[in-house]
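Comments concern the structure below.
As a basis for the values below, the full set of heavy atoms in this structure was taken, side chains included, without hydrogen atoms, waters or symmetry mates. Fair warning: this is a prediction, and the values are worked out from it, not measured in the lab. Residues: numbered from 1 along the sequence shown.
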Amino acid sequence: MQRDLSALRIEKWKTDANTKRGSQADVASIQRNLQTALPGIIAELRNSPESLPPTFKLYRNLDALYDVFASLAESTGAFGSRDDYQALRNDVNSLETSRRMFADRLETLAGSKEAELTRLRTDLQNARAIEQAAPPKKVVVDDTEPPKKPVRKKPAPKPPKPPASTPSSSGQTPPSTANPAPQ
């Protein structure tokens with residue numbers, strides 16, 4: 001397209017100056033779109049191919065590009081050379097094919113997004129119905145009394161082992177091995 005546009009010799013057309021200026025403005029607009037706008041939109045779509053906003057943006061751009069390009073091709077057919085017209089007509093046909101294929105892709109993507117939304121809405125309704133059907137479990141907490149700590153019993157002390165009986169030099173007898181009375 002860019003090659004065919006740059007090969008046009010609009011200044012040699014057999015028409016008035018206003019038509020030539022309008023056609024030259026169309027060529028400049030198409031070239032700007034092909035060089036700056038279209039690559040950015042395509043890059044945005046490649047980053048998120050399943051996203052609808054950049055998909056619509058590219059479709060609108062292709063549609064506008066097609067309209068201007070088709071009008072330029074018709075003007076070329078009316079005022080320009082036959083070879084220029086044929087080259088632009090082929091470009092218009094290619095652009096139309098691409099635009100239709102992209103429209104089909106857009107329709108498919110919109111259908112899949114609609115199906116996904118329908119499924120998500122159904123899942124949400126089912127989840128809400130289940131939540132409403134099952135009564136919530138009630139847990140009663142009585143916090144009027146402090147919690148009781150478990151009471152630990154200390155083990156009874158073991159009586160000490162009696163010392164080995166050895167006669168003492170003081171003449172006292174060793175204490176009896178009977179259990180002493182608890183105190």
Under a 4.5 Å side-chain heavy-atom rule over Ile, Leu, Val, Met, Phe, Trp and Tyr, are Val92 and Met101 clustered together? no
Output yes when a side-chain donor or acceptor of Lys20 lies under 3.5 Å from a complementary backbone atom of Glu11, and no otherwise. yes
Between the CE atom in Met1 and the OG atom in Ser6, the distance rounded to the nearest 0.5 Å is 12.5 Å
Within this structure, what is the CG-CG distance for the pair Leu52 and Leu109, rounded to the nearest 0.5 Å? 4.5 Å
Mind checking what makes side chain to side chain contact (heavy atoms under 4.5 Å, CB included) contact with Ala87, not counting sequence neighbours? Asp4
Check this for me, if you would: do Arg99 and Glu96 make a salt bridge, where the nitrogen-to-carboxylate-oxygen distance has to be below 4.0 angstrom? yes
Tell me, do Leu5 and Leu72 make a side-chain contact under 4.5 Å, heavy atoms counted? yes
Could you name each residue pair satisfying side-chain hydrogen bond (donor to acceptor under 3.5 Å, both in side chains) that touches residues 79-88, not counting sequence neighbours? Ser81-Asp84, Gln86-Asn90
Got Trp13 and Thr76 here, is their nearest side-chain heavy-atom distance under 4.5 Å? yes
Parallel, tilted or perpendicular: which fits the ring planes of Phe102 and Tyr59, with parallel below 30° and perpendicular above 60°? parallel
Please identify each residue that fulfils side chain to side chain contact (heavy atoms under 4.5 Å, CB included) with Lys12, with sequence neighbours left out. Arg9
Show me the donor-acceptor pairs, under 3.5 Å and distance only, between side chains in residues 26-37 and residues at least two apart or in other chains.
residue	atom	partner	partner atom	Å
Asn33	ND2	Asn61	OD1	3.4
Thr36	OG1	Arg32	O	2.6

Between the main-chain N or O of Ile41 and the side-chain N or O of Lys57, is there a donor-acceptor pair closer than 3.5 Å? no
Hey, does the side chain of Ser71 reach the backbone of Asp67 with a donor-acceptor pair shorter than 3.5 angstrom? no
Excluding sequence neighbours, so at least two apart, what forms salt bridge (charged side-chain N to carboxylate O under 4.0 Å, His left out) with Arg119? Asp123
Qualifying side-chain hydrogen bond (donor to acceptor under 3.5 Å, both in side chains) pairs, either residue in residues 101-112, two or more places apart: none
Using 0.5 Å steps for rounding, measure from the CG atom of Leu117 to the CG atom of Leu124. 12.0 Å
Donor-acceptor pair, side chain of Ser48 and main chain of Leu45, under 3.5 angstrom: no
I need the Thr19 OG1 to Ile10 CD1 distance, nearest 0.5 Å. 11.0 Å
